[in-house]
Amino acid sequence: MGKRLQSAVMQPDRVEKRLRRTKPICSCSSPRPPFLTAHSSFSWFEEDVWSEIAKFMDGRSLVMLALTSKWFHRMIMEDNIWKLVCLRDLQVPAPDHVAFKWINLYTSSFGGSHSYTFRQQEKHIDWMRIGAFFLESSVALLTDRLNLPAKIPEEDATKRMLQSCDCCLLDNVKSGIWIADLQLVRCPVCDLNTCDGTMQTLDARHIELFLCEGFQNGSWEYELIGSHDVKERVDGASGAIFDVKHLEDRTSRAVFDLKSWAGKPNDWQPKATITLHAVAVNTNLQENEGLHIKYQTMRAGADGQVVSIRISQQLL
């Protein structure tokens, strides 16, 4: 045994040659499936991809995404993204022009503010967002009775005369997107917080109103343009605004079908309906002696366009 060990030690060249002839062990060289191959060309920061994803995100989610990085902030703050999201959530067409960034318009529309947030907060009780509609023309028909007038008044619209059919024709209205709310406020003729008297108001405003300096600083005020009393029992308090250009549209005429959307006779909860070019509200009333109705408008300056409309009903 000692000789064999000595022989192996004394002949290293033979051992080296033997090792060189040994075939190495190879790993499996099967081809990898294509879906496991690294996509080296894909980038998570593709603006087209995220712009498409943004179409399905709400405003809150978009803001949260924008806070994650500078890249996302720059991409999410693009005005065209907020324009798409705003029009999608309001379900209205795009106006020809807007004076403010769309993210600001979105915030003023969905931030939880309403007209009484800025003024007369002490009179405000409750409110309900109805939705958005689109005034294509500059003439609107206001009415507190949902019976279609036989003929649109042909008198000078700038007089805004209250017609015998209990409607008011209003000209020089700012076209574009309008937001409609139903407001419940305290009786305006007293200062007692304990007063049980309430007034229902269909409150509509142009989408840009809350961003305008004249509204913010209080220089634009509501003006009473007409009022009348119904001195008999009425079944319900109603108010509606129509784009005169689309008054004959099928969807606008459907608003006059009160039975299709108003509450049942014993339902005292306010109801509202909105179409592309019209909005209306109705509240069933219990025993009463009639209503006092007021039409109010706010203009963008003394001779400016109408930017807000109110139709109010109060029990006599």
Side-chain angles (χ1 to χ4, degrees), residues 108-109 112-133 135 140-146 160 162 166-170 173-174 177-193 195-207 209-210 215 218 220-230 234-242 255 258 261-263 267-275 278-286 288 290-299 306-316:
S108 69
S109 300
S113 297
H114 53 82
S115 60
Y116 284 89
T117 304
F118 301 88
R119 303 173 195 178
Q120 297 179 308
Q121 294 187 41
E122 70 283 357
K123 292 289 186 181
H124 190 259
I125 300 175
D126 201 359
W127 73 294
M128 176 182 73
R129 170 58 50 85
I130 302 173
F133 62 105
L135 291 181
L141 177 69
L142 319 182
T143 179
D144 58 90
R145 290 193 179 183
L146 294 177
R160 305 182 305 273
L162 202 62
D166 297 329
C167 67
C168 182
L169 201 62
L170 188 64
V173 179
K174 188 169 185 177
I177 303 171
W178 281 63
I179 310 294
D181 299 322
L182 178 62
Q183 308 282 357
L184 184 64
V185 296
R186 299 187 189 279
C187 170
V189 298
C190 69
D191 297 322
L192 299 177
N193 291 331
C195 175
D196 293 330
T198 58
M199 182 172 66
Q200 169 185 288
T201 300
L202 171 58
D203 187 12
R205 60 178 172 89
H206 192 271
I207 191 174
L209 178 64
F210 291 173
F215 176 81
W220 297 354
E221 294 288 349
Y222 283 97
E223 172 192 4
L224 181 67
I225 63 171
S227 65
H228 68 281
D229 293 337
V230 179
V234 291
D235 294 328
S238 302
I241 303 171
F242 297 88
V255 174
L258 196 59
W261 59 271
D267 187 354
W268 314 118
Q269 291 296 319
K271 298 294 187 293
T273 183
I274 196 163
T275 69
V279 62
V281 296
N282 179 78
T283 302
N284 292 331
L285 300 176
Q286 301 185 35
N288 60 82
L291 287 173
H292 175 64
I293 297 99
K294 295 192 302 184
Y295 294 87
Q296 294 175 294
T297 61
M298 176 182 288
R299 292 184 177 272
V306 174
V307 291
S308 185
I309 299 170
R310 285 178 175 175
I311 304 176
S312 304
Q313 291 103 3
Q314 182 182 5
L315 291 174
L316 292 176

### Message
Does L202 form a side-chain contact (heavy atoms from CB on, under 4.5 Å) with I130? I'd like the steps, not just the answer.
### Response
CA-CA 9 Å; L202 171 58; I130 302 173; 3.9 Å; yes

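- Contact detail for S108 and I207: the closest heavy-atom pair is OG-O, 3.7 Å.
- Every residue meeting the side-chain contact (heavy atoms from CB on, under 4.5 Å) condition with A278, not counting sequence neighbours, appears here in chain and number order: F242, S252, V255, T275.
- A donor-acceptor contact shorter than 3.5 Å is absent between the side chain of N282 and the backbone of G263.
- Atom-to-atom distance recorded for D203:CG and L184:CG is 12.5 Å, nearest 0.5 angstrom.
- The heavy-atom pair separating S113 from R205 by the smallest distance is O-NH2, 4.2 Å.
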### Task
Check the pair K123, Q183 against side-chain contact (heavy atoms from CB on, under 4.5 Å), reporting the backbone distance first and the verdict last.
CA-CA 11 Å; K123 292 289 186 181; Q183 308 282 357; over 6 Å; no

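- Across Q296, M298, R119, a single residue satisfies side-chain contact (heavy atoms from CB on, under 4.5 Å) together with E221, and that is R119.
- In this structure a side-chain-to-backbone donor-acceptor pair under 3.5 Å is missing from Y222 to S308.
- Using a 4.5 Å heavy-atom threshold, the side chains of V234 and N288 count as touching.
- A donor-acceptor distance shorter than 3.5 angstrom exists from the side chain of R129 to the backbone of S109, with no hydrogens or angles considered.
- You'll find the side chain of V281 stays beyond 4.5 Å of the side chain of I311, heavy atoms only.
- Rounding to the nearest 0.5 Å gives a distance of 10.5 Å between NE2 of H228 and SG of C168.
- Q120 contributes atom CD, which lies 6.5 Å from atom CD of E122 (distance to the nearest 0.5 angstrom).
- Here the straight-line distance linking atom CD1 of I309 with atom CD1 of I225 works out to 7.5 Å at 0.5 Å rounding.
- In this structure, W127 and H114 have tilted ring planes: the angle between them lies in the 30° to 60° band.
- Here the side chains of Y295 and L170 are not in contact, with every heavy-atom distance at 4.5 Å or above.
- No side-chain heavy atom of V185 sits under 4.5 Å from any side-chain heavy atom of I125.
- Residues N284 and W268 approach most closely at O-CE3, 3.6 Å, considering heavy atoms.
- In plain terms, the two heavy atoms of I293 and D229 that are nearest each other are N-OD1, 4.5 Å.
- Separation of atoms CG (L316) and NE2 (H292) is listed at 8.0 Å; rounding is to 0.5 Å.
- Counting only distance, with no hydrogens or angles, the side chain of K271 and the backbone of Q269 share a donor-acceptor pair below 3.5 Å.
- Under the 4.5 Å side-chain criterion, counting only non-hydrogen atoms from C-beta, D144 is not in contact with L291.
- Contact detail for V307 and R299: the closest heavy-atom pair is CG2-C, 4.2 Å.
- In this structure, R310 satisfies the cation-pi test against Y116, with its NZ or CZ atom closer than 6.0 Å to the six-membered ring centre and inside 45 degrees of the ring normal.
- Across all non-hydrogen atoms, the minimal contact from W178 to V173 is CZ2-CG1, 3.5 Å.
- Taking the side chain as every heavy atom from C-beta outward, Q313 and T283 never approach each other to under 4.5 Å.
- Considering only heavy atoms from C-beta on, L141 comes within 4.5 Å of L169 through its side chain.
- F118 pairs by the ring-ring contact (aromatic ring centres under 6.0 Å, His included) definition with F210, F215, not counting sequence neighbours.
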